[in-house]
Amino acid sequence: MSQYEQLCQRIVNEGTWLTNERTGQKCLTVINAELEYDVENKSFPLITTRKSFYKAAIAELLGYLRGYQSAAEFRLIGCNTWNANANENQAWLTNPHRKGEDDMGRVYGVQGRTWQKPDGSTLDQLAKVIDNLSKGIDDRGEIVTFYNPGEFDLGCLRPCMHTHNFSLLGKDLYLTSYQRSCDVPLGLNFNQIQVYIMLALVAQITGTNPKKAYHKIVNAHIYENQFELMRDVQLTRTPFPNPSLTINPKITSLKDLETWVTTDDFMLEGYEHHDAIVYPFSV
Ligand SMILES: Nc1nc(=O)c2c([nH]1)NC[C@@H]1CN(c3ccc(C(=O)N[C@@H](CCC(=O)O)C(=O)O)cc3)CN21
Ligand SMILES: O=c1ccn([C@H]2C[C@H](O)[C@@H](COP(=O)(O)O)O2)c(=O)[nH]1
């Protein structure tokens, strides 16, 4: 079993059923999961016990790095994951801060690229980190955080994977990413790809060597309408070895990421997988 399936099995064996008020669903839940990705050896953590639509996960990350605020911008680059939270969640639809169709509000990349300061100016957390790492500097606060409790009412959802903390040891780059809440059948399929690529990409554009990425999850859950598919279908399958991912070496700056990079600049080799499983999504 790979670490992903081990976590799924642990939830099935040891989880506690909790009712989630926001979605009205019960979730089988465990607390504290720690995953590790070997970026140095290009072992790409892609789910193999079902087909992964990994390009959408890469597009979602690109949208965060660009500071997108609209589900329409995400759709244009091949990612449909924000349509429901932007347009179908009742609490957000009636929120006076919502700026109309597809607006997600001040979530994720909006915080990462334009954190509002008290004087009315904004702070670009990602640019600061990339600038420092490019100069070989780690001030022990190379952090990009999307978690801004003072602005939760300005966004459609609180960020789940909320903080990325980089560390430099000489030329070697590490990443520790923190996630408060994880939909293991759907969200984690995307989030593990994103943590891996976040380290690989930032290393590439800062001229450092990617080593390991550490992914720390607090609340890891399976929704009740996903449970049987997970236990009786996905967990009965044997995983294939991890595929490997190559990133276009022409990507060398944050500007490149903001302007011309697409999901075609991420090339996958050796992806063997079982059939697709369509898990229900709770808004
Ligand atoms: N309940 C819930 N779970 C999540 O994982 C989640 C949210 N809400 N809200 C915000 C984002 C949106 N995310 C999503 C949303 C949908 C898929 C999804 O449907 N994935 C499909 C394939 C999607 C495709 O074809 O592009 C899958 O089978 O993995 C994944 C992540 C992750 N986040
Ligand atoms: O990147 C993401 C974004 C969201 N999720 C999941 C985790 C939860 O199931 C929902 C968010 O609901 P909250 O009530 O705000 O916790 O979305 C994810 O796994 N990964």
Side-chain angles (χ1 to χ4, degrees), residues 3-4 7-8 11 20 22-23 27 29-37 39 44-47 52-69 71 74 77 79-82 84-86 104-113 115 125-126 129-130 142-149 151-152 155-167 173-203 210 212-223 245 257 266 279 281-283:
Q3 56 182 352
Y4 177 80
L7 172 58
C8 296
I11 298 174
N20 173 252
R22 193 180 64 77
T23 56
C27 292
T29 306
V30 299
I31 300 302
N32 192 42
E34 308 202 19
L35 305 175
E36 221 177 279
Y37 312 123
V39 185
F44 188 47
L46 197 57
I47 286 170
S52 171
F53 297 92
Y54 62 95
K55 290 228 167 189
I58 299 174
E60 191 180 67
L61 178 66
L62 269 181
Y64 294 158
L65 297 177
R66 290 175 177 170
Y68 284 179
Q69 180 163 346
F74 280 88
I77 61 169
C79 172
N80 287 310
T81 54
W82 282 96
N85 286 108
M104 297 156 57
R106 293 190 54 78
V107 295
Y108 285 89
V110 179
Q111 301 293 350
R113 303 305 306 273
W115 182 281
Q125 300 181 62
L126 182 63
V129 167
I130 286 180
E142 301 306 344
I143 294 174
V144 177
T145 186
F146 305 140
Y147 209 72
N148 186 349
E151 293 196 348
F152 283 164
C156 65
L157 195 73
R158 293 168 300 165
C160 293
M161 195 159 72
H162 55 80
T163 298
H164 300 282
N165 189 344
F166 291 90
S167 307
L173 191 66
Y174 295 81
L175 171 62
T176 309
S177 297
Y178 299 91
Q179 183 161 359
R180 65 170 177 85
S181 173
C182 183
D183 174 343
V184 173
L186 280 177
L188 187 51
N189 171 31
F190 278 36
N191 296 135
Q192 50 180 12
I193 294 170
Q194 292 165 345
V195 172
Y196 178 102
I197 293 184
M198 184 81 159
L199 177 58
L201 258 185
V202 170
K212 285 220 159 88
Y214 305 101
H215 186 178
K216 318 268 186 201
I217 298 168
V218 178
N219 182 308
H221 49 264
I222 297 174
Y223 287 90
L245 181 83
L257 287 179
F266 299 81
Y279 280 108
F281 175 79
S282 297
V283 183

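Predicted model, so just to flag it, every value in this text is computed and none were measured.
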> Does a donor on one side chain and an acceptor on the other come within less than 3.5 Å for His164 and Ser177?
Replying inline: yes
>> If you compare all heavy atoms of Ala33 against all heavy atoms of Leu7, which two are closest, and at what distance to 0.1 Å?
In response: CB-CD1, 3.8 Å
>> Under a plain distance cut-off of 3.5 Å, with no hydrogens placed, do Gln179 and His215 share a side-chain donor-acceptor pair?
In response: yes
>> Test your reading of the model: is there a side-chain donor-acceptor pair from Thr29 to the backbone of Cys27, 3.5 Å cut-off?
In response: yes
> Strictly under 6.0 Å, is that where the ring centroids of Tyr214 and Tyr178 end up?
Replying inline: no
> Which pair of non-hydrogen atoms, one from Cys8 and one from Val184, has the smallest distance, and what is that distance?
Replying inline: SG-CG1, 3.7 Å
> For Ile47 and Tyr54, what are the C-alpha separation, side-chain angles and deciding distance, and is it a side-chain contact (heavy atoms from CB on, under 4.5 Å)?
Replying inline: CA-CA 9 Å; Ile47 286 170; Tyr54 62 95; over 6 Å; no
> Would Leu175 and Val202 satisfy side-chain contact (heavy atoms from CB on, under 4.5 Å), going step by step from the backbone distance to the final call?
Replying inline: CA-CA 10 Å; Leu175 171 62; Val202 170; over 6 Å; no
> Going by atom types alone, do Glu60 and Gln194 pair a side-chain donor with an acceptor below 3.5 Å?
Replying inline: yes
> When rounded to the nearest 0.5 angstrom, what distance separates CD1 in Ile222 from CG in Asp183?
Replying inline: 9.0 Å
> Side-chain contact, heavy-atom cut-off 4.5 Å: Leu35 with Val195?
Replying inline: no
> What are the two closest heavy atoms between Val218 and Arg180, and how far apart are they?
Replying inline: CB-O, 3.7 Å
> Side chains of Leu245 and Tyr196: closer than 4.5 Å at any heavy-atom pair?
Replying inline: yes
>> As an exercise, state the distance from CG of Leu126 to CD1 of Ile143, rounded to the nearest 0.5 Å.
In response: 13.5 Å
>> I need the Lys216 NZ to Glu34 CD distance, nearest 0.5 Å.
In response: 4.0 Å
>> Let's go through Arg22 and Ser282 carefully: what are the C-alpha distance in whole Å and the side-chain angles of both, what is the deciding distance for side-chain contact (heavy atoms from CB on, under 4.5 Å) to 0.1 Å, and is it a yes or a no?
In response: CA-CA 9 Å; Arg22 193 180 64 77; Ser282 297; over 6 Å; no
>> Is any side-chain heavy atom of Leu62 closer than 4.5 Å to one of Leu257?
In response: yes
> How close do Gln192 and Pro45 get, heavy atom to heavy atom, and via which atoms?
Replying inline: NE2-O, 3.3 Å
> Heavy atoms, side chains only, cut-off 4.5 Å: are Phe281 and Pro185 in contact?
Replying inline: no
> Going from CD1 on Ile193 to CZ on Phe53, what distance comes out if it is rounded to the nearest 0.5 angstrom?
Replying inline: 11.5 Å
> Just by distance, do the side chain of Gln125 and the backbone of Trp115 share a donor-acceptor pair under 3.5 Å?
Replying inline: no
> With sequence neighbours left out, what residues match Tyr108 under ring pair (Phe, Tyr, Trp, His ring centres under 6.0 Å)?
Replying inline: Tyr64, Trp82, Phe146
> Considering all heavy atoms of both residues, which atom of Pro210 and which atom of Ala200 are nearest to each other, and what is their separation?
Replying inline: CB-CA, 4.4 Å
>> Within the structure provided, determine whether Met198 and Leu65 are in side-chain contact (heavy-atom separation under 4.5 Å).
In response: yes
>> Quick one, Phe266 and Leu201 - any side-chain contact, counting heavy atoms below 4.5 Å?
In response: yes
>> Could you report the tightest heavy-atom contact between Val107 and Cys156, atom names first, then the distance?
In response: CG1-N, 3.8 Å
> Rounded to the nearest 0.5 Å, what separation is found between the NE2 atom of His221 and the CD1 atom of Ile11?
Replying inline: 8.5 Å
> Out of curiosity, Leu157 CG to Asn85 CG, how far, rounded to the nearest 0.5 Å?
Replying inline: 5.0 Å
> Hey, does Cys182 have a side-chain heavy atom less than 4.5 Å from the side chain of Met161?
Replying inline: no
>> Determine whether Ile77 and Arg66 satisfy the following criterion, side-chain contact (heavy atoms from CB on, under 4.5 Å), listing intermediate values before the conclusion.
In response: CA-CA 12 Å; Ile77 61 169; Arg66 290 175 177 170; 3.9 Å; yes
> Quick check: does any side chain N or O of Gln111 sit under 3.5 Å from a backbone N or O of Arg106, one acting as donor and the other as acceptor?
Replying inline: yes
